[in-house]
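Each chain gets a letter, A, B and so on, in the order the sequences are listed, and its residues count up from 1. Predicted, not measured: the structure shown is a model, and the values here were computed from it.
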2 protein chains.
Amino acid sequence: MPVAEVRTPQRAPGAPRRRDAEATRAAILEAARDQFGRLGYDCTALRDIAAEAGADVALIKRYFGGKEALFTEALKASFRSDFLRDWDLRSFARDFATAMAGGPHEDAERTHSFQFLLRAATSPSTAPLLNAAIQERFFEPIRYWLGDADAPGRARALAAAAIGFLVERLIRGEALVGAERDAFIEHATAMFEQIVAAD
Amino acid sequence: MPVAEVRTPQRAPGAPRRRDAEATRAAILEAARDQFGRLGYDCTALRDIAAEAGADVALIKRYFGGKEALFTEALKASFRSDFLRDWDLRSFARDFATAMAGGPHEDAERTHSFQFLLRAATSPSTAPLLNAAIQERFFEPIRYWLGDADAPGRARALAAAAIGFLVERLIRGEALVGAERDAFIEHATAMFEQIVAAD
DNA sequence: GGCTTAAGTCAACAGCCATTGACATGAAGC
DNA sequence: GCTTCATGTCAATGGCTGTTGACTTAAGCC
């Protein structure tokens, strides 16, 4: 875990509200979402979360119970249940491909949520917690979204491809540029359209 | 790390070859591939690897140098450099889709190799180690394989989709059956053909 | 048989982790 | 002003980790 973690504490020394359980809890949860999302469950230390939130480790136990419970809550907070409804079915293929190419207008919040989920999905510590959630909130909405007889198989294929683009984006880091970006968007769009528009 | 790890030791008590550095080294490497592949870098303990290999932890240091070096070597061993050449370009789309659906004839060795890579990809500890390898052995071959002007962007899109199917497979666990399986294969095939056959 | 050296064993170290109970302190109610 | 209790702080604990040096033992050679 060589990732250095230095952030300005939530409260400056001598801050206005010194004692505010609700605010402290929120700060911890926010820090947890950040660190779990970037580092994954196993590589995140509660001490670092507390430090980022400007709180003490013991408060995590008091407010959340423990690491796993905190993770579950952070997971819930990062799950945008409406993330699919945001897309327009007809322009989905191109919009999604463009988002995955990266660039100035990308939805950072959405990207972060997905990264959080992927990290959780591939860690054996959290996979059991997440598999059900993936099923319920990712696969099922797509299935409903497509909504015809072939939906289950189609939904699985579409979900798989979407996950792949998210992982590739996660690994890649930077945004694509120039001709490579254009070709990427073009072919990815064609690919997704193949499924979305299969009527 | 709640995953119990009980395996029959490599050597029975009072075995024939008691002192064989080469065999010991190989046993450790094999155990490392197994555990790193199933649990990921962070959740794998050197003591467990040594136990599975029927060896002592200190030998890992002597033969490999340390955890990271052992991981790198296991990574190399799990990387089938010819995994793309195994596919026939014309039947790739259907073959790959079928493989991802799972079933009785799947290539367990190949599946394991991919799992290893994916676990490594989503752990921040090993991502730096892996990104270069992914680039060199996954993305570049696909790019070469496609081999035209649009290749970089196309290769990225194809690689992303392929990764996604592997992840979905990893998360899913069991094989698909019946109509869902058929629809899955059909649509996934169409999807991959969209890119492979884009000439 | 005795010697040399590689192979295997053991115990301990230092560091990090989540967890926890005891303690200090500030704010609200009387 | 005093009591009360939620809020925040601190320090310690036990467990697990990778690493390491010193030890024991078997195998090969003279």
How long is the line joining [atom1] of [X] and [atom2] of [N], in whole Å?
X: B/D56; N: D/dG21; atom1: CG; atom2: P; answer: 15 Å
X: A/I28; N: C/dA18; atom1: CD1; atom2: P; answer: 14 Å
X: B/K67; N: D/dG18; atom1: NZ; atom2: P; answer: 4 Å
X: A/D20; N: C/dA27; atom1: CG; atom2: P; answer: 11 Å
X: A/R25; N: D/dG8; atom1: CZ; atom2: P; answer: 13 Å
X: B/F71; N: D/dT19; atom1: CZ; atom2: P; answer: 14 Å
X: B/D42; N: C/dA18; atom1: CG; atom2: P; answer: 13 Å
X: B/Q35; N: D/dT17; atom1: CD; atom2: P; answer: 11 Å

For [X] and [Y], work out which heavy atoms get closest and say how close.
X: B/T189; Y: B/A93; result: O-CB, 3.6 Å
X: A/D48; Y: A/Q35; result: O-NE2, 3.2 Å
X: B/L46; Y: B/K67; result: CD2-CG, 3.8 Å
X: B/F192; Y: B/A161; result: CE2-CB, 3.9 Å
X: A/R154; Y: A/V196; result: NH2-O, 3.2 Å

First locate atom SG of B/C43, then atom OH of A/Y41, and finally report the distance between them rounded to the nearest 0.5 Å.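 Nearest 0.5 Å value for the SG-OH distance: 9.5 Å.
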Taking side chain to side chain contact (heavy atoms under 4.5 Å, CB included) as the criterion, tell me which of A/T72, A/I28, A/L59 meets it with A/F64.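 Running side chain to side chain contact (heavy atoms under 4.5 Å, CB included) over A/T72, A/I28, A/L59 with A/F64 returns exactly one hit, A/I28.
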If you compare every side-chain N and O of B/T24 against the phosphate oxygens of C/dA7 (OP1, OP2), does one of them come in below 4.0 Å?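 Answer is no, no contact under 4.0 Å.
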Got a sec, which residues hit ring-ring contact (aromatic ring centres under 6.0 Å, His included) with A/F184, two or more places apart in sequence or on another chain?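 Only A/F165 meet the ring-ring contact (aromatic ring centres under 6.0 Å, His included) criterion with A/F184.
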Considering residues at least two apart in sequence or located in another chain, which fulfil the side-chain contact (heavy atoms from CB on, under 4.5 Å) criterion with A/E180?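 side-chain contact (heavy atoms from CB on, under 4.5 Å) list for A/E180, sorted by chain: A/L176, B/F139, B/P152, B/R156.
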Listed partners of A/A31 passing side-chain contact (heavy atoms from CB on, under 4.5 Å), at least two apart: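 Applying side-chain contact (heavy atoms from CB on, under 4.5 Å) to A/A31 gives A/I49, A/E52, A/A53.
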Could you tell me whether B/E73 and B/R25 make a salt bridge, using a distance below 4.0 angstrom between a side-chain N and a carboxylate O?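 B/R25 and B/E73: salt-bridged.
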Check: protein-nucleotides 12-15 of chain D nitrogen or oxygen pairs below 3.5 Å:
none

Tell me which nucleotide among C/dG8, D/dT17, C/dA18 gets nearest to the side chain of A/L46.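 Nearest to the side chain of A/L46 among the choices is C/dA18.
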Could you list the protein-to-nucleotides 1-6 of chain C atom pairs, N/O on both sides, closer than 3.5 Å?
none

In residues 57-65 of chain A, which residues come under 4.0 Å of DNA chain D by heavy atom?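 Heavy-atom cutoff 4.0 Å gives A/A58, A/L59, A/R62, A/Y63.
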